[in-house]
Protein chains: 2
Amino acid sequence: MLMCSDFGPFGVSAGGTVVVKIDKSVLRSFALFEKMPDVEIEELLSRATTRRVPSGEAVFEQGAPASHFFLLLNGRLKVTQVTPDGQQIIVRVVHPGDLFGFAKALRRPDYPGTALSVIESLTVCWPTDLWPHFIDRSPVLAASALNTIGARLEEAHTRIREMSTQEVERRVAHAVLRLTKQAGRAAEGGIRIDFPITRQDIAEMTGTTLHTVSRILSAWEGDGLVEGGRQKLTVRDVTRLQALADSAKL
Amino acid sequence: MLMCSDFGPFGVSAGGTVVVKIDKSVLRSFALFEKMPDVEIEELLSRATTRRVPSGEAVFEQGAPASHFFLLLNGRLKVTQVTPDGQQIIVRVVHPGDLFGFAKALRRPDYPGTALSVIESLTVCWPTDLWPHFIDRSPVLAASALNTIGARLEEAHTRIREMSTQEVERRVAHAVLRLTKQAGRAAEGGIRIDFPITRQDIAEMTGTTLHTVSRILSAWEGDGLVEGGRQKLTVRDVTRLQALADSAKL
DNA sequence: AACCGTCTTTGCGCAATGGCAAAGAGCAGG
DNA sequence: CCTGCTCTTTGCCATTGCGCAAAGACGGTT
């Protein structure tokens, strides 16, 4: 499986797509690299390859050996896991600027989940072997990486706490609010979630079923809280939704 | 709040208890320190303090600034989190040899949970500031720490997956099996969980209620799968319990 | 413009769980 | 040995949320 184009910052990938040259200014625009000296960024980029991931395609798959780690430049991914009996859950949504797939950094031999692009995406790829090297070279990056992992762990625990103690409606409310924060874009009359998302997706993020999510969203729509659509969701009244997420009943 | 005795490896703690001198052979017996050179272990110990934690007492509390990180030598702790509305969940059980409370290593300013001793325990404490120092000095430790964090993240995801896709009975089965693996001790006619654990605890680990856990365990006991008791649990038939945890129905 | 596949909505009935309440049991301390 | 406290068991009932099934939209494609 070809995980990344092997042509360096220039070149033509397997699919015939011209691989974009990544300028350091692009990286610099992400918080992670904000304070990184030019030389270091260039060093990073000199080792990097890039990959265009058409919508619906996987960057890596659950169980595959962790050959690379990645930075999402553009687009949106969902990381999923499949249970032995075939059920799927969404572990996380990856947004532009996020590092992902650094399983090996945590001494895991292979990817614990599948990273699936939801819309056409662009990633930077580095061979996992380079991870220690980068950590050594760039204390900033090392710190950020730990930050990221800490945040991720905390997020996981938050989710566990929610699933343990809250009914479905509040969980869905929290999930939707999180999405608007991470991927919200101002739209007419509310905040629109900026990538195609299905009720099924929301169900897999909250540990419930497509049907229940649909019912809940319908109810909310009736109350003027949100506005739905095919693979679309706009939050009309963030405040009230937040209230619903926080306290028990509306 | 006095987190650790300030008397070094010798001395008398606030409670008047003689603080045990930790010998390097004790640390060496844990996988984490197995391959660590003598000098390094001594260096670690020279900076360490110790603390005896009577049953029911907290090593640190949720929200408190993360002043130390710890190694559990002896005893058993449970790490809990309390939700804003007062419900509690058990995040993890800490076993002898586990590092815990290294929130700061992940750039968290304070402890995300409370570590409560279930039986009288003995911990080694280091100031958080020393973490980077240790990581620098001991690549083995650094690697192990990452290992630990990776495992912890994976564990969290496993739990999310289970809570998303499995009914309560299977979740309880998994939890009990995990406990027997981590804290099982051979007993007459089965494997006994080696520390006092209540149905409430199990409920908080699996995201259900005391009542449901009690019902499930009663049913299992009727089937000869386990044997209960006040704060006791012995698994009689691991194989069958495993089968129940894996496949749907018994 | 017609067609098709995917996503969404909804009704209905049921099984799984949570809530509540009260009684029973084991353990520790006096 | 008695007392009190905490932990556990159980019955009953109210709800939640899931399964199943079918029909309706929406968008993209030819």
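Small disclaimer: the values here were computed from a predicted structure and weren't measured. Scope of the values below: all heavy atoms of this structure, side chains included, with no hydrogens, waters or symmetry mates. Below, chains carry the letters A, B, ... as their sequence lines are ordered, and counting in each starts from 1.
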Degree of bending, the helix from C/dA1-D/dT30 to C/dG30-D/dC1 (end axes from five pairs; round to 10°): 40°
Check the phosphate of [N] against [X], side-chain N and O only, distance under 4.0 Å to OP1 or OP2. Yes or no?
X	N	value
B/T212	C/dG18	yes
B/S218	D/dT10	yes
A/K232	D/dG27	yes
A/T208	D/dC18	yes

Check whether any side-chain N or O of [X] sits under 3.5 Å from a backbone N or O of [Y] as a donor-acceptor pair, and report yes or no.
X	Y	value
B/T208	B/A203	no
A/R159	B/H157	no
A/T180	A/R178	no
B/R51	B/V59	yes
B/R236	B/G189	yes

Applying side chain to side chain contact (heavy atoms under 4.5 Å, CB included), name anything that partners [X], two or more places apart in sequence or on another chain.
X	answer
A/Q166	A/E162, A/R170, A/R171, A/H174
B/T198	B/Q200, B/D201, B/Q231
A/I216	A/V168, A/E169, A/V172, A/T212, A/W220

Mind calculating the distance between [atom1] ([X]) and [atom2] ([N]) to the nearest angstrom?
X	N	atom1	atom2	answer
A/Q231	C/dT9	CD	C1'	16 Å
B/I216	C/dT17	CD1	C1'	9 Å
B/Q200	D/dT9	CD	P	13 Å
A/W220	C/dT9	CH2	C1'	16 Å
B/M163	D/dG17	CE	C1'	15 Å
A/L217	C/dC7	CG	P	16 Å
A/R199	D/dC18	CZ	P	16 Å
B/R170	C/dA16	CZ	C1'	15 Å

Options D/dG17, C/dT9, C/dG19, nucleotide nearest the side-chain atoms of B/T209: C/dG19
Are any protein N/O atoms closer than 3.5 Å to N/O atoms in nucleotides 23-25 of chain D? If there are, list each pair with its distance.
none

Inter-residue atom distance B/L72.CG - B/F30.CZ, 0.5 Å rounding: 7.5 Å
Nearest-nucleotide comparison on DNA chain D, the residue closer to the 5′ end among B/L210 and B/R215: B/L210
Heavy-atom donor-acceptor pair, A/H211 side-chain to C/dT10 base, under 3.5 Å: yes
Touch class at under 4.0 angstrom, heavy-atom based, for A/S214 against every strand present: base
If you look only at distance, which donor and acceptor atoms sit under 3.5 Å apart when one is on a side chain in residues 87-103 of chain A and the other is two or more places apart or in another chain?
residue: A/Q87; atom: NE2; partner: B/T165; partner atom: O; Å: 3.4
residue: A/H95; atom: ND1; partner: A/R76; partner atom: NH1; Å: 2.5
residue: A/H95; atom: NE2; partner: A/Q182; partner atom: OE1; Å: 3.0
residue: A/D98; atom: OD2; partner: A/H95; partner atom: N; Å: 3.0

